[in-house]
Amino acid sequence: GAVVSQHPSWVICKSGTSVKIECRSLDFQATTMFWYRQFPKQSLMLMATSNEGSKATYEQGVEKDKFLINHASLTLSTLTVTSAHPEDSSFYICSARIGGSNNEQFFGPGTRLTVL
Amino acid sequence: GESVGLHLPTLSVQEGDNSIINCAYSNSASDYFIWYKQESGKGPQFIIDIRSNMDKRQGQRVTVLLNKTVKHLSLQIAATQPGDSAVYFCAENWGSGGSYIPTFGRGTSLIVHP
């Protein structure tokens, strides 16, 4: 149980285009989802925390107009990288948490974004 | 956690040896800690967790030690195997219940030689 999927697993796009990444909790309802970015050989950096039905909370330095997050249902959150540039190339990972007193996060397999 | 953005330290061990991976955390208010294993190109996998009211917790072949005085965590892997080769991250959490916000440490790359 507690499986989180991401789609696509990898994407290559041209500079200036927008890319949408989906994060789904397959067998549980996630009240909170997190989006992380990871550059090669570095740690996971939290970008934003998303609660179902409300606006995402972005970490300092993360542009909310560039990284649009929508958590429209208890099983789906999307991250849209708008007007992507080569410096946005990274590994994007989501995680989902059931909520309440359960603190455990379940991570997706990640999405590799390459912007040409 | 440790500074994000720096390159990963590496620990090399021989198959069968015990491995100890260390992590310093930053927030004295953190009260829930998790160790994750991340293989190349994949998301993190949960290994073991510990709450601040404990100083040791054991799992299968893994033990986590918590020293709140010096804000230090360690992960011990017994009889390390080639399949244990991966990057290991600690994550600290603070907040309350469902409002926990996780922060990852810089990670350690474990290389197990057969």
Side-chain angles (χ1 to χ4, degrees), chain A residues 1-7 9-10 21 23-25 29-52 54 56-62 90-114, chain B residues 1-11 21 23-27 30-54 57 59 86-111:
Chain A
V3 176
V4 175
S5 71
Q6 283 184 239
H7 178 80
S9 55
W10 60 270
I21 302 169
C23 176
R24 292 182 186 272
S25 56
Q29 293 186 326
T31 56
T32 305
M33 287 184 169
F34 301 92
W35 284 97
Y36 295 85
R37 180 167 51 181
Q38 185 179 32
F39 293 108
K41 298 193 184 303
Q42 294 187 19
S43 187
L44 281 74
M45 290 182 58
L46 181 65
M47 299 174 68
T49 302
S50 167
N51 290 298
E52 186 267 338
S54 61
T57 302
Y58 290 81
E59 295 298 300
Q60 193 171 13
V62 178
S90 189
F91 194 48
Y92 291 87
I93 305 170
C94 74
S95 69
R97 191 165 67 195
I98 294 173
S101 60
N102 186 328
N103 304 317
E104 190 173 356
Q105 287 183 80
F106 302 95
F107 283 84
T111 296
R112 173 75 59 195
L113 171 63
T114 302
Chain B
E2 308 239 14
S3 300
V4 173
L6 300 178
H7 287 257
L8 300 173
T10 300
L11 174 65
I21 300 171
C23 175
Y25 63 93
S26 60
N27 191 335
S30 294
D31 57 0
Y32 177 54
F33 306 88
I34 308 172
W35 278 100
Y36 292 95
K37 173 185 180 183
Q38 186 181 29
E39 295 175 312
S40 181
K42 297 183 179 179
Q45 290 175 268
F46 174 94
I47 301 173
I48 191 168
D49 60 357
I50 189 167
R51 298 195 180 274
S52 59
N53 61 351
M54 304 172 70
R57 190 158 188 235
V87 177
Y88 290 81
F89 294 97
C90 67
E92 59 181 305
N93 293 262
W94 64 89
S96 58
S99 68
Y100 272 149
I101 301 297
T103 299
F104 278 72
R106 71 192 277 204
T108 297
S109 176
L110 175 65
I111 299 172

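The chains referred to below are lettered A, B, ... by the order of the sequence lines, with proteins before strands, and numbering in each begins at 1.
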Which residues satisfy the side chain to side chain donor-acceptor pair (under 3.5 Å) test with A:R112, sequence neighbours excluded?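 Side chain to side chain donor-acceptor pair (under 3.5 Å) check on A:R112 returns nothing, list empty.
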Rounded to the nearest 0.5 Å, how far apart are OG1 of B:T10 and NZ of A:K41? 7.5 Å
What part of A:Q6 is in contact with chain B, defined as an atom under 4.5 angstrom from a non-hydrogen atom: side chain, backbone, both or neither?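 Neither the backbone nor the side chain of A:Q6 comes within 4.5 Å of chain B.
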Considering only heavy atoms, which portion of A:F91 lies under 4.5 Å from any heavy atom of chain B: side chain, backbone, both, or neither?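 When you check distances to chain B, only side chain atoms of A:F91 fall under 4.5 Å.
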Proximity breakdown for B:Q38 and chain A, heavy-atom pairs closer than 4.5 Å: side chain
State whether the side chain of A:S43 and the backbone N or O of B:G107 hold a donor-acceptor pair below 3.5 Å, judged by distance alone.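 A pair under 3.5 Å: no.
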A side-chain contact here means heavy atoms from C-beta on lying under 4.5 Å apart; do B:V87 and A:Q38 qualify? no
Residue list, ring pair (Phe, Tyr, Trp, His ring centres under 6.0 Å) with A:Y36, at least two apart or on another chain: A:F107, B:F104
Minimal non-hydrogen separation, A:L44 against B:P44, with atom names: CD2-CG, 3.7 Å
